[in-house]
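Worksheet for the structure shown next.
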Amino acid sequence: MSRTPFVAGNWKMHKTVAEAEEFITALLPLAGAVDDVQIGVCVPFTAIQAVVDSTRGSSIEVYAQNVHEAEKGAYTGEISLAMLDELEVHGVVVGHSERRQYFNETDAALRAKVPAILAAGLTPILCCGESDAQREGNETEAVLRTQVVEGLADVADEDLAKVTIAYEPIWAIGTGKVATPEQAQETCKYVRSLVAERSQEAAEAIRIQYGGSVKPGNAAELLSLPDVDGALVGGAALEADSFAGIIEGARA
Ligand code: PEP
């Protein structure tokens, strides 16, 4: 089955509204009309409205970087799906290793968030990935099994393919130490096999991104791998030129 590549840039805690608008102004002529790659930017809450407005009518989709699973309530500082939906975001990236590590986002919370995002009609990007020590200790598959199985546990089989999974080895995030093509392919294939345990049809359709030090210079090779359907990009997604270079790599 041919799957449309999906390249998303995760801005993390970068870009004021003015900086976000400047980025989109630079990106639109480079990638705003690309129709063979799905493109997303994962934007801080404060800049979402401005980026939704400035990308309207283009092929660039806007994602939030977190959401609370509850409909509403006494959760100071949190943002609900209704609030994001009102801003017309396309989806939400959840389970990033930084949120797991610094903000205690647990597999149990993700088990609630992923189906809640789908129920709101939005697209979840569910991140998973092992640490250096876990890879060294041959625990990669066990770690990914827990994260993926738990994160998808309350998603109906017929909805599994609506989720995007981002495989992001923690040792490759922001380090410049990219996974080898063999590691990326083997591990993304393993993630797909976990989905196949639930539904073969969903496993063939679901997009699995690789993330971790993707740059314009390595994107084409990584994104040509059979089980890598795109990229989740941090540092190299902060400049329009390099983000556009990665999008071009997905088209190669
Ligand atoms: C990320 O934060 O999701 C990421 C992959 O970062 P970088 O591309 O900078 O490694």
Side-chain angles (χ1 to χ4, degrees), residues 5-15 19-20 23 27 31 37-45 47 60-67 89-105 110 113-114 117 123-132 134-135 140 143-144 147-148 151 163-181 183-185 187-188 191 207-223 225 227-250:
F6 179 15
V7 174
N10 174 19
W11 292 357
K12 311 190 185 189
M13 198 173 71
H14 292 284
K15 298 196 189 296
E19 289 164 348
F23 175 95
L27 184 65
V37 177
Q38 188 177 344
I39 303 167
V41 283
C42 309
V43 175
F45 291 126
I60 296 158
E61 299 170 347
V62 182
Y63 290 71
Q65 297 177 17
N66 186 29
V67 72
V89 306
H90 198 89
V92 192
V93 60
V94 290
H96 192 280
S97 59
E98 290 153 13
R99 293 216 58 87
R100 291 177 188 263
Q101 187 182 344
Y102 305 136
F103 304 104
N104 197 30
E105 188 168 45
L110 292 162
K113 287 185 187 193
V114 176
I117 294 166
T123 297
I125 302 176
L126 171 64
C127 301
C128 59
E130 81 287 359
S131 67
D132 207 8
Q134 288 164 334
R135 181 161 278 267
T140 300
V143 169
L144 294 175
Q147 293 177 343
V148 173
V163 178
T164 291
I165 300 177
Y167 165 59
E168 299 207 301
I170 298 168
W171 46 269
I173 295 179
T175 59
K177 190 177 162 195
V178 67
T180 65
Q183 287 169 325
Q185 165 55 24
T187 319
C188 288
V191 170
R207 262 90 55 82
I208 301 175
Q209 300 170 320
Y210 166 78
S213 298
V214 177
K215 307 270 182 278
N218 60 25
E221 184 177 28
L222 287 162
L223 301 188
L225 299 165
D227 284 292
V228 177
D229 306 316
L232 183 58
V233 187
L238 290 174
E239 297 296 332
D241 282 354
S242 66
F243 189 48
I246 293 169
I247 294 164
E248 275 309 305

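We count ligands from 1, going down the list as the structure has it; atoms in each ligand are counted the same way.
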Item to check | Any residue meeting salt bridge (charged side-chain N to carboxylate O under 4.0 Å, His left out) with E61, in chain and number order, not counting sequence neighbours | outcome: none

Checklist entry - Which distance, rounded to the nearest 0.5 Å, do you find between the OG1 of T164 and the CG of D229? => result 8.5 Å

For ligand 1, which of its N or O atoms have a protein N or O partner closer than 3.5 Å, and how long is each gap?
from, atom 1, to, atom 2, distance (Å)
ligand 1, 2 (O), K12, NZ, 2.5
ligand 1, 2 (O), H96, NE2, 2.9
ligand 1, 3 (O), H96, NE2, 2.9
ligand 1, 3 (O), E168, OE1, 3.0
ligand 1, 3 (O), E168, OE2, 2.7
ligand 1, 6 (O), G234, N, 3.4
ligand 1, 8 (O), G234, N, 2.8
ligand 1, 9 (O), G235, N, 2.8
ligand 1, 10 (O), G174, N, 2.6
ligand 1, 10 (O), S213, N, 2.7

Next on the checklist: With ring pair (Phe, Tyr, Trp, His ring centres under 6.0 Å) as the criterion, how do Y63 and F6 come out once you've worked through the C-alpha distance, each side chain's angles and the decisive distance to 0.1 Å?
Outcome noted: CA-CA 13 Å; Y63 290 71; F6 179 15; 5.8 Å; yes

Next on the checklist: Does either side chain, that of R135 or that of T187, offer a donor lying less than 3.5 Å from an acceptor on the other one?
Outcome noted: yes

Next on the checklist: To the nearest 0.5 Å, what is the distance between NZ on K12 and CD on E98?
Outcome noted: 3.5 Å

Checklist entry - Just by distance, with hydrogens left out, do Q65 and R99 show a side-chain donor and acceptor under 3.5 Å apart? => result no

